[in-house]
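Since the structure comes first, as structure tokens, the remarks are kept for the end.
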Amino acid sequence: MQRGYRRDRAVVAHVAVHPGAAPRQVARAVGAPERVVARSLSRLTEDGLVTLVTDGATPALRSYRLSS
């Protein structure tokens, strides 16, 4: 439980400094597998802390920023 909380904090901190970061970039920055970071980003999006930004032309290009 604590490890997930710390990872979520690291993910939020990275997104705060690098708005528009893609999951792969966040994973590299925090040193965690992309799948684990994707779960953190999903959880943080559901909690309203980060917002998913999609490119309308290419839905596969996802990035995240802090919610306002």
Next on the checklist: Does anything in residues 14-48 form a ring pair (Phe, Tyr, Trp, His ring centres under 6.0 Å)? List the pairs, not counting sequence neighbours.
Outcome noted: H14-H18

Checklist outcome for this item: For Y64, the hydrophobic cluster (side chain heavy atoms closer than 4.5 Å, chained through members) also holds V11, V12, V15, V26, V30, V37, L41, L44, L49, V50, L52, L66

Checklist outcome for this item: So side chain to side chain donor-acceptor pair (under 3.5 Å) across residues 26-39, not counting sequence neighbours, yields R24-E34

Checklist entry - Which pair of heavy atoms, one from G20 and one from S63, lies closest together, and at what distance? => result O-CB, 3.1 Å

Checklist entry - Got a sec, which residues hit side chain to side chain contact (heavy atoms under 4.5 Å, CB included) with S67, two or more places apart in sequence or on another chain? => result T51

Checklist entry - Got V53 and R62 here, is their nearest side-chain heavy-atom distance under 4.5 Å? => result no

Checklist entry - Atom OG1 in T45, atom CZ in R43: separation rounded to 0.5 Å? => result 10.5 Å

Checklist entry - If you take all heavy atoms of A21 and Q25, which pair is closest and at what distance? => result CA-OE1, 3.3 Å

Item to check | Any pair counted as salt bridge (charged side-chain N to carboxylate O under 4.0 Å, His left out), so long as it reaches residues 13-23, sequence neighbours left out | outcome: none

Next on the checklist: Clusters formed by hydrophobic residues whose side-chain heavy atoms approach within less than 4.5 Å: which one holds V17, and what are its other members?
Outcome noted: none

